[in-house]
Amino acid sequence: GAVVSQHPSWVICKSGTSVKIECRSLDFQATTMFWYRQFPKQSLMLMATSNEGSKATYEQGVEKDKFLINHASLTLSTLTVTSAHPEDSSFYICSARANLRGQTQYFGPGTRLLVL
Amino acid sequence: GENVEQHPSTLSVQEGDSAVIKCTYSDSASNYFPWYKQELGKRPQLIIDIRSNVGEKKDQRIAVTLNKTAKHFSLHITETQPEDSAVYFCAATLYNNNDMRFGAGTRLTVKP
């Protein structure tokens with residue numbers, strides 16, 4: 001149990017376009033989902049916390065107008081990178097916390113974004 | 001907020017030896033400490049976790065110890081195997097709190 005999927009697994013786009021990444025909890029409900037960014041050989045940096053039915057909470061330094069987060073249901077959160085630029089190229093990973101399983105976070109497989 | 005430091009950043013051991021990774025945290029209120037293993041290009045996988053009401057937890061070759069007074073916790077892997085090679089991340093947070101902070105990671109290499 002506790003499977004999290006993420007789509008797409010990788011995307012290449014031109015500078016200036018927007019990219020949407022989906023994060024789904026497949027076999028559990030998640031009122032809270034998290035979006036992380038990971039650069040090569042670095043740690044997981046929390047970008048924002050996504051709460052179902054309310055606005056996301058962004059970490060300091062993360063532009064909420066650039067990284068739009070929507071948590072429309074208990075099993076789906078989306079991250080949209082608007083007007084992507086080469087510096088946005090990174091590995092984006094979501095995680096979900098199951099309502100009845102305490103603090104354990106289950107991670108999605110990640111999305112590798114390359115902006116040309 | 002919580003700040004987690006992890007050492008060493010890289011660790012190389014011979015197959016069969018033990019490996020120890022240490023983390024310290026800053027917020028004495030933190031009470032949940034998970035460890036994740038991440039293989040190259042893959043998702044982090046929870047391998048073991050511990051709550052502050054216990055000092056040690058073991059699962060086969062993996063164990064975690066916690067010293068609340070000193071605010072540090074460690075991951076111990078015994079009888080290491082090449083498939084243990086990965087990046088390991090520690091984390092600390094309040095149980096049922098959203099603010100989980102990760103250490104910088106330790107790249108473990110187990111040489112056959």
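Throughout, a chain's letter reflects where its sequence line sits, starting with A, and its residues are numbered from 1.
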(message) If you count heavy-atom pairs within less than 4.5 Å of chain A, which of A104(B), S9(B), G105(B) leads?
(response) A104(B)

(message) I need the residue from M45(A), E59(A), R112(A), Q6(A) with the largest number of non-hydrogen atom pairs under 4.5 Å to chain B.
(response) E59(A)

(request) Tell me, out of G110(A), P109(A), P40(A), who's got the most heavy-atom pairs with chain B below 4.5 Å. (result) P109(A)

(request) Please round to the nearest 0.5 Å and tell me the distance separating atom NZ of K42(B) and atom NZ of K37(B). (result) 9.5 Å

(request) Start with the C-alpha distance between S52(B) and L66(B), add both sets of side-chain angles, then the distance that settles side chain to side chain contact (heavy atoms under 4.5 Å, CB included), and finish with yes or no. (result) CA-CA 7 Å; S52(B) 60; L66(B) 171 65; 4.1 Å; yes

(message) Counting only non-hydrogen atoms closer than 4.5 Å, does I93(A) touch chain B with its backbone (N, CA, C, O), its side chain (CB onward), both, or neither?
(response) side chain

(message) Is Q38(A) in contact with chain B via its backbone, its side chain, both, or neither, using a 4.5 Å heavy-atom distance?
(response) side chain

Once the angle between the rings of [X] and [Y] is folded into 0 to 90°, is it parallel (under 30°), tilted (30 to 60°) or perpendicular (over 60°)?
| X | Y | result |
| --- | --- | --- |
| F33(B) | Y25(B) | tilted |
| W35(B) | F73(B) | perpendicular |
| F107(A) | Y36(A) | tilted |

(message) For a salt bridge (charged side-chain N to carboxylate O under 4.0 Å, His left out) check, start with the C-alpha distance between E83(B) and R61(B), then their side-chain angles and the critical distance, and finish with the verdict.
(response) CA-CA 13 Å; E83(B) 49 266 38; R61(B) 297 187 296 110; over 6 Å; no

(request) Kindly give the cluster partners of I12(A), where membership spreads through any ILVMFWY side chain lying under 4.5 Å from a current member. (result) W10(A), L114(A), L116(A)

(message) Cation-pi check for Y32(B) against R51(B): NZ or CZ below 6.0 Å from the six-membered ring centre and within 45 degrees of the axis, yes or no?
(response) no

(message) If I measure from the heavy atoms of chain A, does Q38(B) come under 4.5 Å with its side chain, its backbone, both, or neither?
(response) side chain

(request) Heavy-atom distances under 4.5 Å only: say whether P44(B) touches chain A with side chain, backbone, both or neither. (result) both

(request) Check the surroundings of atom CD in E15(B): do more than 12 heavy atoms from other residues, nucleotides or ligands lie under 6.0 Å from it? (result) yes

(request) May I ask you to list the residues in residues 78-90 of chain A that approach chain B closer than 4.5 angstrom, counting heavy atoms only, ordered by number? (result) none

